[in-house]
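One structure below.
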Amino acid sequence: MLKQNILEALNAQINLEANSSATYLSMASWCDREGLRGCAAFFYAQSDEERMHMLKIVHYINDMDGHAIIPAVDKPDSVFESIQSVFKMVYDQERAVTESINKLMTLSQEGHDHATTVFLQWYVGEQREEEGLVREILDKIRLIGSGSQSLYYIDKELERINKARAAAAGAADAGWEAKA
Ligand code: OFO
């Protein structure tokens with residue numbers, strides 16, 4: 001059974017994850033229209049991941065005899081200034097999510113809610129990875145610069161990152177199956 005303040009904070013986190021998913025889907029659509037296929041594929045996958053983050057909390061709350069509330073999402077921006085500004089927005093968004101997870105973690109620790117603390121550990125690791133990845137992309141964008149073919153090279157870089165992530169996910173799945 002979840003304490004009321006933790007239930008409310010987890011439901012607020014559902015809202016945050018749902019809005020992240022919608023924002024990344026909108027970024028994917030914009031990238032697609034701009035011909036940035038590698039960036040679009042990155043954001044379509046990222047949007048799915050955020051939905052999965054949301055679903056994990058929905059299941060957790062309901063498994064703990066609470067009631068997960070599915071929120072309406074805010075309409076995200078549909079037009080962006082540049083791919084550079086898009087990734088800066090993503091970085092800010094991920095940092096806000098990390099802060100929210102950290103607050104939730106503190107709440108669960110102060111409330112001696114060990115089940116929620118253990119549940120949230122996965123999110124702590126996930127946010128560290130996501131922030132690190134976006135920082136890496138921002139560094140690459142800075143190194144590529146803003147020359148006439150920079151968009152081409154940025155998109156190629158995102159394609160490379162997508163392939164590496166797919167391979168890592170495949171290897172993790174294979175390891176999981178081997179253990180099963
Ligand atoms: Fe990257 O935001 Fe979910 O947890």
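Being a predicted model, the structure only gives us computed values, none of them experimental. One-based numbering, in listed order, for ligands and for the atoms of each.
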### Message
Show me, by chain and number, every protein residue that has a heavy-atom distance under 4.0 Å to ligand 1.
### Response
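Lining ligand 1 at under 4.0 Å, by heavy atoms, one finds E17, E50, H53, E94, V97, Y123, Q127, E130.
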#### Entry: Test side-chain contact (heavy atoms from CB on, under 4.5 Å) applied to I69 and I14, step by step
CA-CA 8 Å; I69 306 297; I14 288 179; over 6 Å; no
### Message
Test your reading of the model: is there a side-chain donor-acceptor pair from D155 to the backbone of C39, 3.5 Å cut-off?
### Response
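Pair found, side chain donor or acceptor close to backbone of C39.
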### Task
Report yes or no: does N19 contribute a side-chain atom to a donor-acceptor pair with the main-chain N or O of D74 at less than 3.5 Å?
yes
### Task
Answer yes if the ring centres of F43 and F87 are under 6.0 angstrom apart, and no otherwise.
yes
### Task
Tell me, yes or no, whether the heavy-atom count around R128 atom CZ, taken from other residues, nucleotides or ligands under 6.0 Å, exceeds 12.
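At most 12 heavy atoms, drawn from other residues, nucleotides or ligands, come within 6.0 Å of this atom.
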### Summary
CD1 (I6) and OG1 (T117) are apart, to the nearest 0.5 Å, by 7.5 Å
